[in-house]
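Chain A is the first sequence line, chain B the second, and so forth, proteins listed ahead of strands; every chain is numbered from 1.
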Amino acid sequence: MNIGTTAPSAGDLAIGAVAAGLELVAVNTYAAALAAAGAGSIGEVPPAVAEFVTTVQGHHQAALDAWNGVLTAGGQAAVTAPPAGLEATVNEMFATVTDVVGAAELALMLEEIAAATYLDAIGKLESGAAIALAGSIQPIDRQHIAVLLFVLGRYPVPDTFATADMAFAGEGESASNTIPAAAASSISIVDFAFDPDGLEIAVGTTVEWVNNDAFDHSVVADDGTFTSETIEPGGTFAFEFTAPGTFPYKCGIHPQMIASITVTE
Amino acid sequence: MRTQTAAPSSGDLAIGAVAAGLELLAVNTYGAALAAAGAGSLGAVPPAVAEFATTVQGHHQAALDAWNGVLTASGQSAVTSPPAALEATVNGMFATVTDVIGAAELALRLEQIAAATYLDAIGKLESDAAIALAGSIQPIDRQHIAVLLFVLGMYPVPETFATVDMAFDGGAMMPDAMPATS
Amino acid sequence: MKFSERAMKGLIEESQDLQSGAMRDAQASRQELRDIGASRAGQAPDLDRIRDYSIGRRNLLKTGGFGLGVLATGGLLGTAFGQRVSAVLKQPTQTDTNVDVQIFQTAASLENLAVATYGAALTLPFILDNAVVKAFAETTMQQHAEHGAAFNAQAADLGGARQTATNPKYTPIVEDAKAGLTDALAVVTLAATLEEVATDTYLANLTLLSEGNMRILMASVMGVESQHLATLRAVGALLEGGAPQLIAIPTDVAALPAAAGSVAFPQAFEEPNLASPPEEGAVS
């Protein structure tokens with residue numbers, strides 16, 4: 001089979017419809033952010049952020065148009081509505097956004113879902129055309145992620161490899177997920193702080209610290225229960241909590257960075 | 001928000017007593033080193049090292065006097081003896097010192113303990129007076145560390161941030177840590 | 001022209017004296033602290049006066065550092081400037097958080113200047129030709145960059161803007177000094193002055209910050225700046241003493257002049273003589 005000349009398969013078109021739906025969510029969400037900015041409801045918007053939102057909304061519109069072109073050329077209807085469950089969840093989250101930082105964090109989540117979905121798709125698509133399209137969009141979404149991380153004060157390239165962890169499988173009978181939840185047992189080290197700095201977990205949970213900062217950090221429990229080596233930017237440290245208790249800890253390099261983990265039965 | 005108390009609190013005085021005990025231990029240890037040097041039991045002592053020990057002993061004496069001034073002004077007794085367990089440990093280590101290098105390594109550990117204890121105190125003290133005094137001493141102890149590292153053939157500023165790792169809480173034995181290396 | 005540390009410190013004091021009459025109250029506090037420092041070399045800090053200075057300083061910062069009386073004396077009340085100032089004084093006083101933010105912004109501005117200054121030093125051939133000095137300059141520059149990042153992270157965490165510019169007061173002083181940087185000793189002297197400004201500023205900040213953990217950060221960095229200062233004093237003394245070969249790791253300890261054992265720390269207590277006030281490098 002010559003993948004380059006094969007028309008998009010039914011599976012490709014199904015994936016394309018999911019991709020189009022995601023792009024439409026992105027277009028709508030960035031539009032809502034621009035409207036909120038114009039109405040003054042998210043406070044002062046830095047010029048670079050406004051430029052970012054306008055530009056990136058345009059990228060997602062172009063991607064939407066491209067996937068709808070694939071769908072209609074394959075005899076399917078263009079996608080004109082976002083996946084309902086995902087849209088409802090995003091709307092709910094948007095209602096809690098009160099400033100640019102909140103909007104950026106929501107945008108980051110959407111870009112991560114999009115990029116992961118495309119990476120997953122690249123492994124499943126069958127036609128050259130669909131693979132090429134997905135492959136041309138995924139890196140752009142990864143670049144959106146890098147800039148959003150930078151704007152949010154974090155290291156822009158924390159992952160050594162992109163992953164498909166946050167891929168969206170679409171809605172309907174075959175769907176097995178909605179918005180992937182960030183691991184509750186994950187702590188981000190960013191901007192000389194632990195986020196969250198107060199974590200509650202159950203016994204048996206493994207906590208993973210991810211250094212999303214631009215500097216080395218470490219994790220040192222006050223009582224010595226856990227101690228990491230130096231964690232370089234992008235690096236991780238994991239520890240399984242097998243006993244209940246409260247575990248204050250700090251960065252061994254920066255004494256002002258303090259946090260705590262509470263482990264319950 | 002911190003309460004700007006006029007006088008050192010009881011917590012401040014407790015920390016001050018620990019600081020005074022550490023300073024007295026430092027004074028005594030440098031005194032013992034100078035005596036050993038004079039007796040020839042450390043071998044040849046470079047002039048800069050002798051100057052260092054004399055000067056730094058004076059710094060620790062001044063710091064001891066300052067903390068005792070804080071204590072007595074608040075109606076507490078001056079500290080006249082070092083913390084017993086820590087003193088015993090230091091004496092045990094000093095007994096194994098046979099040359100200037102060994103003496104410098106012991107001094108380095110004491111200075112690191114002192115500086116870390118002051119940094120920890122700066123975060124816990126409540127009155128401006130106590131914070132200011134601890135703050136005026138910590139950087140001097142860090143400078144002692146820089147020169148000792150240099151004398152020991154190490155890079156003088158290996159840490160980007162000073163840490164509280166070797167802070168002494170007044171009761172425990174000497175923190176089990178090696179001198180910082182470059 | 002050989003760079004003179006005494007001249008530079010004179011410039012600093014002169015520029016402090018040239019502040020406007022509207023800052024006279026703040027100026028008086030700072031002069032008082034310099035007097036305290038000058039009279040107490042080798043002695044313990046006067047804790048009562050430091051307490052009063054700190055409380056007064058915090059109150060000055062909260063009220064803008066000057067009063068309507070000063071404006072009236074200067075005939076400024078009826079002017080547009082006076083009206084803007086009056087409006088400021090009628091606003092609610094600054095919160096402790098605002099003072100904390102200013103402190104971290106000013107601290108970041110000093111770190112930014114240190115990075116720029118060591119960076120400029122690393123373009124000079126007599127610095128690049130000396131491997132030990134070059135390594136110190138590179139390492140120290142990186143340490144200052146991390147200090148600045150930590151200070152800015154704290155400012156941002158408090159809701160303030162990050163300070164990306166170099167300290168506005170000392171930048172022109174450093175620029176003016178550049179023409180005189182014709183040898184390593186001049187560079188060392190300039191760098192030592194900046195390290196002392198940072199050390200003293202961070203010391204003064206300790207009694208102005210509102211939280212213990214903020215003090216830990218400030219003192220953690222202060223401790224390292226003081227080590228930079230100690231090292232530069234020792235290196236400067238060896239250069240002045242004509243013993244550059246002893247600037248090495250490891251060095252020949254036996255060959256060190258006796259004074260090398262004490263030149264790094266001339267006083268028993270650090271005094272905040274060259275401290276920058278919190279508002280100096282603040283950004284809105």
Side-chain angles (χ1 to χ4, degrees), chain B residues 1-2 4 6 44 46-56 58-59 61-63 65-66 69-70 100 115 118-120 122-125 127-147 150-157 159-164 182, chain C residues 42-45 47-48 50-51 54-55 58 96 135-136 139-140 142-143 146-147 150 199 202-203 206-207 209-213 215-231 234 249-251 253-262 264-265 267-272:
Chain B
M1 189 168 77
R2 181 168 66 86
Q4 300 148 20
V49 172
E51 171 79 2
F52 174 88
T54 306
T55 302
V56 171
H59 289 172
Q61 182 67 54
D65 293 343
V70 170
V100 166
Y118 279 118
L119 179 59
D120 188 54
I122 283 164
K124 292 172 176 162
L125 290 164
S127 63
D128 282 350
I131 292 168
L133 180 53
S136 71
I137 298 171
Q138 184 251 11
I140 305 299
D141 288 346
R142 296 293 301 190
Q143 291 178 332
H144 299 161
I145 288 168
V147 174
F150 177 63
V151 162
L152 288 166
M154 299 186 242
Y155 189 76
V157 199
E159 296 164 298
T160 303
F161 293 82
T163 68
V164 300
S182 55
Chain C
Q43 300 178 35
L47 303 180
D48 288 340
I50 285 176
R51 178 206 63 222
S54 300
I55 292 172
R58 277 194 291 271
D96 280 334
F136 176 78
T139 302
T140 304
Q142 286 165 13
Q143 290 173 329
E146 192 166 338
H147 295 165
T199 301
Y202 304 161
L203 173 56
L206 295 183
T207 49
L209 288 167
S210 59
E211 301 280 347
N213 213 39
R215 295 201 297 276
I216 292 267
L217 168 56
M218 190 61 60
S220 168
V221 175
M222 174 179 74
V224 175
E225 316 299 43
S226 71
Q227 287 175 265
H228 293 154
L229 177 57
T231 305
I249 298 171
T251 190
V253 181
L256 287 171
S262 59
F265 26 69
Q267 293 180 310
F269 301 92
E270 190 62 39
E271 306 268 6

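- Atom CD1 of C/Ile216 sits about 7.5 Å away from atom CD1 of B/Ile122, to the nearest 0.5 Å.
- Annotation for B/Ala62 and C/Phe269: closest pair O-CZ, 3.4 Å, computed over non-hydrogen atoms.
- Per-residue counts of heavy-atom pairs under 4.5 Å with chain C were compared for B/Thr55, B/Leu119, B/Asp120, B/Ile137; the largest is that of B/Leu119.
- Counting heavy-atom pairs closer than 4.5 Å to chain B, the top residue among C/Pro250, C/Ala260, C/Ser226, C/Ala234 is C/Ser226.
- Ranked by non-hydrogen atom pairs under 4.5 Å with chain C, the options B/Gly123, B/Ala63, B/Ala53, B/Ala44 are led by B/Gly123.
- Counting heavy-atom pairs closer than 4.5 Å to chain C, the top-ranked of the candidates B/Ala134, B/Ala162, B/Gly69 is B/Ala162.
- Of the atoms belonging to C/Phe136, heavy atoms from both backbone and side chain fall under 4.5 Å from chain B.
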Set out, in order, the CA-CA distance, both residues' side-chain angles and the distance that settles side-chain contact (heavy atoms from CB on, under 4.5 Å) for B/Val157 and C/Val224, then state yes or no. CA-CA 7 Å; B/Val157 199; C/Val224 175; 3.6 Å; yes
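- Side-chain contact between C/Thr231 and B/Phe150 is absent, with no heavy atoms from C-beta onward closer than 4.5 Å.
- Proximity to chain C involves both the backbone and the side chain of B/Val151, based on heavy atoms less than 4.5 angstrom apart.
- Checked by atom type and distance alone, the side chain of C/Ser262 never pairs as donor or acceptor with a backbone atom of B/Phe52 at under 3.5 Å.
- Proximity to chain C is limited to the side chain of B/Val56, based on heavy atoms less than 4.5 angstrom apart.
- For a residue to count as touching a neighbouring chain, one of its non-hydrogen atoms must lie under 4.5 Å from one of that chain's; by this rule B/Val49 touches chain C with the side chain only.
- In this structure, the portions of C/Leu256 lying under 4.5 Å from any heavy atom of chain B include both its backbone and its side chain.
- Taking chain B as the reference chain and counting heavy-atom pairs below 4.5 Å, the highest number among C/His228, C/Gln142, C/His147, C/Glu225 is found for C/His147.
- Taking chain B as the reference chain and counting heavy-atom pairs below 4.5 Å, the highest number among C/Ala258, C/Pro257, C/Ala219, C/Ala259 is found for C/Ala258.
- Contact count against chain C (heavy-atom pairs under 4.5 Å) is highest for B/Gln143 among B/Gln138, B/His144, B/Gln143.
- Closest heavy-atom contact between B/Tyr155 and C/Ala135: OH-O, 4.3 Å.
- Of the possible donor and acceptor atoms, one in the side chain of C/Arg215 sits under 3.5 Å from a partner among the backbone N and O of B/Leu125.
- In this structure, C/Ile249 and B/Gly153 approach most closely via the heavy-atom pair CG2-O, 3.4 Å.
- Taking all atoms of both residues into account, the shortest heavy-atom contact from C/Ala264 to B/Val147 is CB-CG2, 3.7 Å.
- The nearest pair of heavy atoms linking B/Pro46 to C/Ala254 is CB-CA, 3.8 Å.
- Rounding to the nearest 0.5 Å places CG of C/Leu206 at 10.0 Å from CG of B/Asp128.
- Interface remark: B/Thr160 contributes backbone and side-chain atoms alike to the contact with chain C (heavy atom separation under 4.5 Å).
- In this structure, B/Pro139 and C/Thr199 approach most closely via the heavy-atom pair CB-CG2, 4.4 Å.
- Heavy atoms closer than 4.5 Å to chain B are found in the side chain of C/Ala150, but not in its backbone.
- Taken from CD in B/Glu159 to CD in C/Gln227, the straight-line distance is 6.5 Å, to the nearest 0.5 Å.
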